[in-house]
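Numbering of residues begins at 1 and proceeds along the displayed sequence.
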Amino acid sequence: MLSCCKKSDGKIESDNSQTEENALLNAAENSGENTENVDNELSLLESEEMRLASEIDQLDDAENYSVLNEELYLVDSDSSLKIMEFGNEILIPDFSEQKKIVVHSSGSTVVRNFYDELYRLSKKETWNFSTIENAHLEKSESFEYKQDSYKPFKKVIVLDKSENQILYNEEKLPVASKKYYSDENKKVITEEISWTYDNLNRVLEEISVSYIYKTEKYDKLKDKLKKTKSYNYKKENTEPDYYYYENDVLKYRTVYSQEPGSFVTTAFFDNDYSIKVFYKENQKRKEIFYHSSDVLREKEYE
């Protein structure tokens with residue numbers, strides 16, 4: 001084995017390697033051993049040198065990696081942070097009496113966070129800077145608060161030709177949403193959603209209304225589609241019964257029994273047709289096809 005090994009100018013220097021090689025050769029000549037044994041010893045010695053060299057190279061790579069990914073800070077005379085850089089990410093805070101902005105850059109994406117006088121996030125802009133010529137705002141999010149609360153009660157998301165307004169309750173859960181198509185000439189509603197919750201913040205009902213227009217230009221309203229999802233919780237930590245309606249007409253329901261993994265689903269179709277499916281241990285066991293209350297067909301599953 002080597003007693004000392006170090007890396008110098010990209011080469012491995014061994015203090016005792018030459019001495020050990022001579023010693024092995026002399027020992028072989030004096031004792032009359034087969035030169036094949038000497039070759040084996042030299043081969044082991046060279047393997048050990050290569051192993052140590054590899055370990056040193058790995059250490060060097062690790063050191064270079066840590067340097068490349070080290071956090072770099074730029075501060076002013078008051079030790080206030082001006083710029084922080086980590087890898088390909090850059091953070092630039094800009095706090096003054098007039099504005100409080102933090103700019104974060106990662107690759108071609110730049111995010112600007114705006115804060116109010118209470119340092120609450122009031123606006124967030126996401127920009128695409130793949131090229132300077134084609135730099136553009138991809139998404140804008142604005143937040144509104146009640147008095148001194150730090151929980152926003154309203155959020156507005158603006159994308160290209162669309163806008164989404166969301167209202168929140170005190171638990172930061174969405175209670176209402178309105179989506180719009182928006183361009184330079186018009187702003188028309190495309191969808192409304194509302195949510196209600198129980199005292200455990202579980203969804204009791206979700207109602208959505210989709211507005212269907214005659215053309216892609218959203219010129220005239222053609223129809224509306226109302227969808228209602230209702231949940232009935234029998235016990236805590238159990239699956240709720242589920243009911244789905246379209247324009248207030250029941251289309252689907254799932255009712256759970258007290259036995260875990262056992263439930264019945266029913267799908268309702270036009271002209272009074274329906275299919276009831278029975279599950280046990282979460283496996284389909286039986287299907288029954290109905291027209292009104294008349295059984296048309298039954299199918300068993302193993």
Side-chain angles (χ1 to χ4, degrees), residues 81 89 91-106 109-128 136-213 218 221 224-233 236-237 239-248:
L81 178 65
E89 297 185 10
L91 180 69
I92 306 175
D94 184 6
F95 289 173
S96 63
E97 293 182 0
Q98 294 77 24
K99 57 184 178 179
K100 298 175 178 64
I101 305 172
V102 173
V103 180
H104 174 261
S105 173
S106 178
T109 301
V110 175
V111 177
R112 302 176 70 201
N113 291 328
F114 298 77
Y115 299 87
D116 63 14
E117 64 278 0
L118 296 179
Y119 292 90
R120 300 174 300 191
L121 181 63
S122 60
K123 187 178 181 181
K124 179 179 179 180
E125 294 180 346
T126 302
W127 291 77
N128 186 311
H136 62 279
L137 179 64
E138 289 187 334
K139 180 169 66 172
S140 175
E141 303 168 73
S142 59
F143 305 84
E144 295 182 25
Y145 302 84
K146 292 181 179 179
Q147 298 178 348
D148 295 335
S149 173
Y150 281 83
K151 298 178 181 179
F153 78 90
K154 184 177 181 180
K155 177 180 179 180
V156 179
I157 304 172
V158 179
L159 301 169
D160 182 33
K161 295 184 179 181
S162 71
E163 180 178 316
N164 187 9
Q165 298 180 4
I166 307 171
L167 298 179
Y168 298 88
N169 62 16
E170 291 297 325
E171 302 299 326
K172 298 178 66 175
L173 297 171
V175 294
S177 169
K178 289 185 178 181
K179 295 182 180 180
Y180 298 87
Y181 169 82
S182 178
D183 59 23
E184 297 177 353
N185 302 316
K186 68 180 66 175
K187 180 179 177 179
V188 295
I189 191 166
T190 58
E191 184 182 54
E192 287 184 279
I193 306 177
S194 64
W195 296 268
T196 57
Y197 305 87
D198 64 9
N199 57 354
L200 297 178
N201 292 326
R202 299 177 299 189
V203 177
L204 290 176
E205 190 174 64
E206 175 186 309
I207 301 175
S208 67
V209 178
S210 298
Y211 294 80
I212 304 170
Y213 292 84
Y218 300 90
L221 183 64
K224 295 180 182 180
L225 176 59
K226 179 182 178 182
K227 298 179 181 180
T228 303
K229 299 176 183 179
S230 180
Y231 304 86
N232 180 26
Y233 301 88
E236 291 187 23
N237 302 319
E239 291 288 343
D241 293 343
Y242 170 74
Y243 301 86
Y244 171 72
Y245 301 82
E246 287 186 358
N247 292 330
D248 298 323

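Partners of Asn128 according to the side chain to side chain donor-acceptor pair (under 3.5 Å) rule, which considers only residues two or more places apart in sequence or in another chain, are Ser130, Glu138. With sequence neighbours excluded, no residue satisfies salt bridge (charged side-chain N to carboxylate O under 4.0 Å, His left out) with Lys229. Applying the salt bridge (charged side-chain N to carboxylate O under 4.0 Å, His left out) test to Lys186 and every residue at least two apart in sequence or in another chain returns Asp219. With sequence neighbours left out, the side chain to side chain donor-acceptor pair (under 3.5 Å) criterion links Glu141 to Lys155. Residues forming a side chain to side chain donor-acceptor pair (under 3.5 Å) with Lys151 (at least two apart in sequence, or on another chain): none. The side chain to side chain donor-acceptor pair (under 3.5 Å) search around Lys124 returns none, not counting sequence neighbours.
Within 6.0 Å of the NZ atom in Lys139, the count of heavy atoms belonging to other residues, nucleotides or ligands does not exceed 12.
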Is there a side-chain contact (heavy atoms from CB on, under 4.5 Å) between Val111 and Trp127 once you walk through the steps? CA-CA 6 Å; Val111 177; Trp127 291 77; over 6 Å; no
Test side-chain contact (heavy atoms from CB on, under 4.5 Å) on His104 and Asn113 and set out the steps. CA-CA 8 Å; His104 174 261; Asn113 291 328; 5.9 Å; no
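Between the side chain of Arg120 and the backbone N or O of Ser149, at least one donor-acceptor pair lies under 3.5 Å.
Across every non-hydrogen atom of Lys224 and Tyr211, the tightest pair is CE-CE2, 3.4 Å. Closest approach of Tyr197 to Asn201, counting heavy atoms only: CD2-O, 3.7 Å. Across all non-hydrogen atoms, the minimal contact from Val188 to Tyr213 is CB-OH, 3.7 Å.
Between the side chains of Asn164 and Ser177, at least one donor N or O lies within less than 3.5 Å of an accepting N or O.
In this structure, the separation between CG on Leu121 and OH on Tyr145 is 5.0 Å, given to the nearest 0.5 Å. In this structure, the separation between OH on Tyr242 and OH on Tyr231 is 5.0 Å, given to the nearest 0.5 Å. Once rounded to the nearest 0.5 Å, the distance linking CD of Glu144 with OG of Ser122 reads 10.5 Å. Rounded to the nearest 0.5 angstrom, Ile166 CD1 and Lys178 NZ are separated by 13.5 Å.
For Arg202 and Tyr233, the positive end sits near the middle of the six-membered ring, less than 6.0 Å away and at most 45° from its axis.
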